[in-house]
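Here the structure is laid out as structure tokens; the discussion comes afterwards.
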Amino acid sequence: MKKVLLHICCAPCSASAVKMISNEYNISFYWYNPNIYDVQEYKNRKDAAIKYAKELNISFFDEKEFSYNYDDWKNKTSEMCNFCYMSRLEKIAVYAQQNKFDYFSTSLLSSPYQKHDLIKQIAGDLADKYKTAFLYIDFRTGFYEGKNSLRKKGYYMQKYCGCNKSLNERLSLHKKKNCK
Ligand code: SF4
């Protein structure tokens, strides 16, 4: 079986990817998500990802502990998601190349809430840059099924994308709903 290094952004998003490729590829998870704010949220998501890796008996590579730095994000405004995808996927591409994986990919491709085409483009460019291969599959088809299967098992379900800005957007939406 070919080896795939799958960037895991969170357990619920990775369920679809695992289901779609685990019969064909040997998957390893790679955790690198410095976009997650705050430290407790980071821990909740990471613990869930580790638990999922253990449940599936999948190797789990861990790049860093909590490292959210608001200064990295606050000046990025419109191109923030671009920076976010690029900074995460670059680590994965380099690690895949250095550790002789056949491919790298990301569970970000399973969420209908993410900028799918931008992720695909950035990952493809990084594969060219670092002379490795990006496994592109549209994992969105199994997103809700995968997420619900983990919800039923009691896995942690996050309520916002990850950064401080996405948390604030979520909170203001919640506030508006409650004011109606
Ligand atoms: S909204 Fe999500 S993808 Fe965009 S910068 Fe924030 S955490 Fe990253």
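We're numbering straight along the sequence, starting at 1. Here the structure is a predicted model, which is why all the values come from computation and not from measurement.
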Aromatic ring pairing Y95/F61, orientation class (parallel under 30°, perpendicular over 60°, tilted between): tilted

Closest contact, heavy atoms only, T132 versus A93: CG2-O, 3.8 Å

Minimum heavy-atom distance S14-F29, with the two atoms named: OG-CZ, 4.3 Å

Cluster link L118 to M80, ILVMFWY, side chain under 4.5 Å: yes

N33 side chain to I8 backbone, donor-acceptor under 3.5 Å: yes

Smallest separation among heavy atoms of M157 and K147, with atom names: CE-O, 3.6 Å

Quiz item: cation-pi between K51 and Y155, 6.0 Å / 45°: yes

Within 6.0 Å of CD in E145, more than 12 heavy atoms from elsewhere: no

Where A48 and A11 come nearest, the two heavy atoms and their spacing: O-CB, 3.8 Å

Parallel, tilted or perpendicular, as decided by the 30° and 60° cut-offs, for the rings of F134 and Y136: tilted

Counterpart residues, side-chain hydrogen bond (donor to acceptor under 3.5 Å, both in side chains), relative to Q98 (two or more places apart): none

Scan the side chains in residues 102-109 for donor-acceptor partners under 3.5 Å anywhere in the protein, sequence neighbours excluded, and list what turns up.
unit_1 : atom_1 : unit_2 : atom_2 : d
D102   : OD2    : K3     : N      : 2.7
S105   : OG     : L135   : O      : 2.8
T106   : OG1    : H7     : ND1    : 2.8
T106   : OG1    : L108   : N      : 3.0
S107   : OG     : H7     : O      : 3.2
S107   : OG     : C9     : N      : 2.8

Check: V94 and Q97 side chains under 4.5 Å, non-hydrogen atoms: no

Verdict with reasoning, I50 to K46, per side-chain contact (heavy atoms from CB on, under 4.5 Å): CA-CA 6 Å; I50 292 170; K46 185 173 171 183; 4.1 Å; yes

Under 3.5 Å: donor-acceptor pair, side chain of D138, backbone of R140: yes

For R170 against K159, the heavy-atom pair lying closest together: CD-O, 3.1 Å

R45 charged N/C atom sitting above Y160 aromatic ring, 6.0 Å / 45°: yes

Among Y32, Y156, W31, the one residue meeting ring pair (Phe, Tyr, Trp, His ring centres under 6.0 Å) with Y42: W31

In one Ile/Leu/Val/Met/Phe/Trp/Tyr side-chain cluster, 4.5 Å: L150, Y144: no

Donor on one side chain, acceptor on other, Y85 and Q114, under 3.5 Å: yes

For a quick test of your reading: what N or O donor-acceptor pairs under 3.5 Å do the side chains of residues 21-28 make, sequence neighbours left out?
unit_1 : atom_1 : unit_2 : atom_2 : d
S22    : OG     : V18    : O      : 2.8

Polar contact flag, side-chain donor to acceptor under 3.5 angstrom, D117-Q121: no

Minimal non-hydrogen separation, Q158 against C10, with atom names: NE2-SG, 2.9 Å

